[in-house]
Amino acid sequence: MIDVKFIRENPDAVRASQKGRGEDASIVDQVIASDELRRVAIEKFEKLRAEQNVLSKSVGAAKGDEKIALLENAKKLATAVKEADSKRTEAEEHTKALVMQLSNILDPGAPIGAEADFKVLEHVGTPRKFDFEPKDHVELGKLLGAIDTERGAKVAGSRSYYLTGSGALLEFALVNYAISMAVKAGFVPVIPPVLVNPAAMEGTGFLGQAAENVYRIEKDDVYLVGTSEVPLAAMHMDEILPGDKLPMRYAGYSSCFRREAGTYGKDTRGIIRVHQFDKVEMFSFCHPDQAKEEHARILQWEKEFLNAMEIPYRVIDVASGDLGSSANRKFDCEAWIPTQDAYREVTSTSNCTEFQARRLNIRYKDAEGTKAVATLNGTLVAIPRMIVAILENHQNADGTVNIPKALQPFLGKERFELV
RNA sequence: GGAGGGCUCGCAUAGCGGCCGAGUGCACCGGUCUUGAAAACCGGCAAACGAAAGUUUCGUGGGUUCAAAUCCCACGCCCUCCGCCA
């Protein structure tokens, strides 16, 4: 949610941002008009209410005829107050509904355009030249007894899978490595709830355009989260954080659930795009003035993880039209996937500035006062995609797979063997 | 699933429908005293919007009333007991 005051004072900036995203800029003028009415309604209500408060007090003190006369007036006033109150509520709701439609203000650095208009920031590592025909992760997963998509489909439907043997062990190793790295960097490790209430889901912005990708348990009115960003962000919902404790960093490990509606036919093979997976996510509550630096730091940790996995990748600056509504800028790390001859997204970090915190009512307090914090998130490791990258990039001609050095201590060996 | 109890300013508690945005204790901040600290004493101390006046907030939402922390209804959460259970 953008600050209404900011919209009022910088309408052009908001319009430009909306346009940059390819979204409706006319909402800005609707907000301004609605906000004007809202402020008038508030003023009117408050005046009447003040009058009523005074009158009510005098009723208590009065006696006899005087009291009867006062009561007469008070009754009339009460009706007027009630009416002004409902008008005010209506105006407030109307304004809020409009403001909620606006996406976060773009970072001026974000490339403008549609999905394909991203900017490549850098390449790290070189895609390996194979002197044999590389196998894809599905085949390797079978040879290693690591991934079973057929039984996954039998038991849970399409986009489901079993990680077995080496696959399961690899997940544990990845998670352990990620968490130990995060703890070293000062993150508080967290195992959050994955079943959350509507307020958490709504506050983090996942019930908007993204709603169709969210699993909902109707009977109990709870949602399955698509990322631990949701419970991590909502953790401090309605709280005022001590300013001197910022940044507050959490590393959440959780299962993630995604309906993947509207992706029929996309990545149907293997475990690139699945309904359920585990992920270690970084989340930071920080001072708004430091959000940009924090964003760079989170990206740096993502890169360090990929470096440790010895996987070639590139970093892209995601284009305005492809940003989530909460993000003002987003960097994706894309790993090289040999059998697809392409870079594919494995991690992603967004700077949500104060946008998300305002919706969740998360503030910080320091000598300057109480203001909304900035929130940022970034993937440290999303298991299935990392498994794909590791298997495909580190495979040998016979189908065995070399284990990156960083993971070897967690697995007690250097290679995954055939079963 | 069944039966009870509770939800008030960081914590613990008080609170008669108007004198309650709200008392007390602890914690915290500032001061006096002290070589320093403790103790004692004095003062301050919930949040939001607003330039201010003022308005809003006693779990949430609704209702009764001129007036609600206080009465009524619904929901949420917490606790205790019983049942079931990883």
Side-chain angles (χ1 to χ4, degrees), chain A residues 1-9 31-32 34-100 191-203 207 216-224 231 234-246 248 254-255 285 288 354-373:
Chain A
M1 189 163 83
I2 305 178
D3 188 5
V4 184
K5 206 191 276 178
F6 181 88
I7 302 172
R8 205 188 298 146
E9 287 163 9
V31 168
I32 290 169
S34 176
D35 176 54
E36 190 59 42
L37 295 174
R38 174 186 140 259
R39 284 188 295 156
V40 170
I42 288 175
E43 201 178 319
K44 190 171 174 195
F45 162 77
E46 288 189 355
K47 228 177 219 160
L48 281 168
R49 173 67 98 188
E51 229 176 284
Q52 186 189 32
N53 285 343
V54 171
L55 189 56
S56 276
K57 271 191 185 146
S58 65
V59 169
K63 280 191 221 91
D65 285 351
E66 194 191 348
K67 185 162 189 166
I68 290 165
L70 282 174
L71 271 178
E72 192 86 3
N73 277 335
K75 255 178 213 171
K76 270 185 219 148
L77 196 50
T79 319
V81 168
K82 211 166 245 179
E83 199 186 308
D85 191 19
S86 65
K87 277 214 176 109
R88 177 198 59 143
T89 308
E90 198 183 313
E92 279 176 346
E93 277 166 3
H94 187 245
T95 306
K96 187 169 182 193
L98 283 169
V99 174
M100 292 287 262
I191 296 181
V194 293
L195 222 38
V196 302
N197 63 26
M201 215 64 190
E202 173 81 58
L207 291 187
R216 177 168 181 219
I217 316 288
E218 206 160 328
K219 198 171 174 198
D220 298 290
D221 200 19
V222 288
Y223 297 87
L224 280 164
M235 196 165 147
H236 290 299
M237 179 161 64
D238 296 322
E239 290 182 29
I240 296 172
L241 309 174
D244 58 358
K245 288 277 161 50
L246 300 178
M248 290 167 69
S254 84
S255 291
F285 297 90
E354 298 105 300
F355 189 86
Q356 195 174 49
R358 223 171 262 125
R359 298 176 68 128
L360 288 164
N361 190 28
I362 306 173
R363 292 162 293 174
Y364 71 96
K365 186 180 192 166
D366 64 9
E368 314 260 287
T370 309
K371 284 178 287 221
V373 292

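Below, all heavy atoms of this structure are taken into account, side chains as well, without hydrogens, waters or symmetry copies.
Atom CD1 of A:Ile42 is separated from atom P of B:rA48 by 17 Å (rounded to the nearest Å). In this structure, A:Lys5 atom NZ and B:rA51 atom P are separated by 7 Å, rounded to whole Å. Here B:rC28 presents its C1' atom at 14 Å from CG of A:Asp244, a figure rounded to the nearest Å. Atom NZ in A:Lys57 sits about 22 Å away from atom P in B:rU65, given to the nearest Å. Between the CG atom of A:Asp85 and the P atom of B:rU57 there is a distance of 9 Å, given to the nearest Å.
Of all nucleotides present, only B:rG2 satisfies the Watson-Crick or G-U wobble test against B:rC81, with each distance under 3.5 Å. Remark: B:rG23 base-pairs with B:rU13. Criterion, Watson-Crick or G-U wobble with two distances under 3.5 Å. Base pairing analysis places B:rC49 opposite B:rG54; the two distances defining the Watson-Crick or G-U wobble pair are each below 3.5 Å. As the counterpart of B:rC66, B:rG18 is assigned, both hydrogen-bonding distances of the Watson-Crick or G-U wobble pattern falling under 3.5 Å.
Across the C1' atoms, B:rG23 and B:rU60 are found 26 Å apart, a figure rounded to whole Å. Remark: the separation of the C1' atoms in B:rC71 and B:rG15 is 15 Å, to the nearest Å. Across the P atoms, B:rG44 and B:rU24 are found 11 Å apart, a figure rounded to whole Å. Taking the P atom of each, B:rA67 and B:rU57 are spaced 13 Å apart, rounded to whole Å. If you take atom C1' in B:rA48 and the same atom in B:rG36, they sit 42 Å apart, rounded to whole Å. B:rG4 and B:rC16: their C1' atoms are spaced 27 Å apart (whole Å). Taking atom C1' on both B:rA52 and B:rA38, the two are 45 Å apart, rounded to the nearest angstrom. B:rG59 and B:rG6: their P atoms are spaced 13 Å apart (whole Å).
Taking 4.0 angstrom as the limit, A:Arg49 places none of its side-chain polar atoms (N or O) nearer than this to OP1 or OP2 of B:rG54. Here A:Thr370 does not reach the OP1 or OP2 of B:rA47: none of its side-chain N or O atoms lies under 4.0 Å away. In this structure, A:Lys75 does not reach the B:rU65 phosphate: none of its side-chain N or O atoms is under 4.0 Å from OP1 or OP2.
Contact annotation for A:Asn53: backbone-only contact, meaning every heavy-atom pair under 4.0 Å involves sugar-phosphate atoms and none involves a base. A:Lys82 comes within 4.0 angstrom of sugar-phosphate atoms only, judged by non-hydrogen atoms across all strands, and of no base. A:Gln52 comes within contact range of the sugar-phosphate backbone alone, with a heavy-atom separation under 4.0 Å but no base atom that close. Contacts of A:Lys371 with the nucleic acid, taken as non-hydrogen atoms under 4.0 Å apart, are absent.
Annotation: side chain of A:Phe285 is in contact with side chain of A:Leu241 (closest heavy-atom distance under 4.5 Å). In this structure the side chain of A:His236 reaches within 4.5 angstrom of the side chain of A:Met248, judged on heavy atoms.
A donor-acceptor pair under 3.5 Å is absent between the side-chain atoms of A:Arg363 and the main chain of A:Thr370, judged by distance alone. No donor-acceptor distance shorter than 3.5 angstrom exists from the side chain of A:Asp220 to the backbone of A:Val222, with no hydrogens or angles considered.
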Please list, for nucleotides 69-77 of chain B, all pairs of protein and nucleotide N/O atoms separated by less than 3.5 Å.
none

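If you check B:rG54, B:rC66, B:rU56 against the side chain of A:Ala50, the one that comes closest is B:rG54. For A:Arg363, counting side-chain heavy atoms from C-beta on, the closest listed nucleotide (B:rU56, B:rG50, B:rA47) is B:rA47. Among the nucleotides B:rA47, B:rU55, B:rA67, the one closest to any side-chain atom of A:Ser56 is B:rA67.
Counting all heavy atoms, side chain and backbone alike, A:Pro288 lies closest to A:Tyr364 at CD-CE2, 3.6 Å. Taking both residues in full, the closest heavy atoms of A:Arg88 and A:Ile42 are given as CG-CG1, 3.8 Å, listed atom of the first, atom of the second, then distance.
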Worked check of salt bridge (Lys or Arg N to Asp or Glu O under 4.0 Å) between A:Glu36 and A:Arg39:
CA-CA 5 Å; A:Glu36 190 59 42; A:Arg39 284 188 295 156; 3.3 Å; yes
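For the residue pair A:Arg359 and A:Gln356, no side-chain donor N or O sits within less than 3.5 Å of a side-chain acceptor on the partner.
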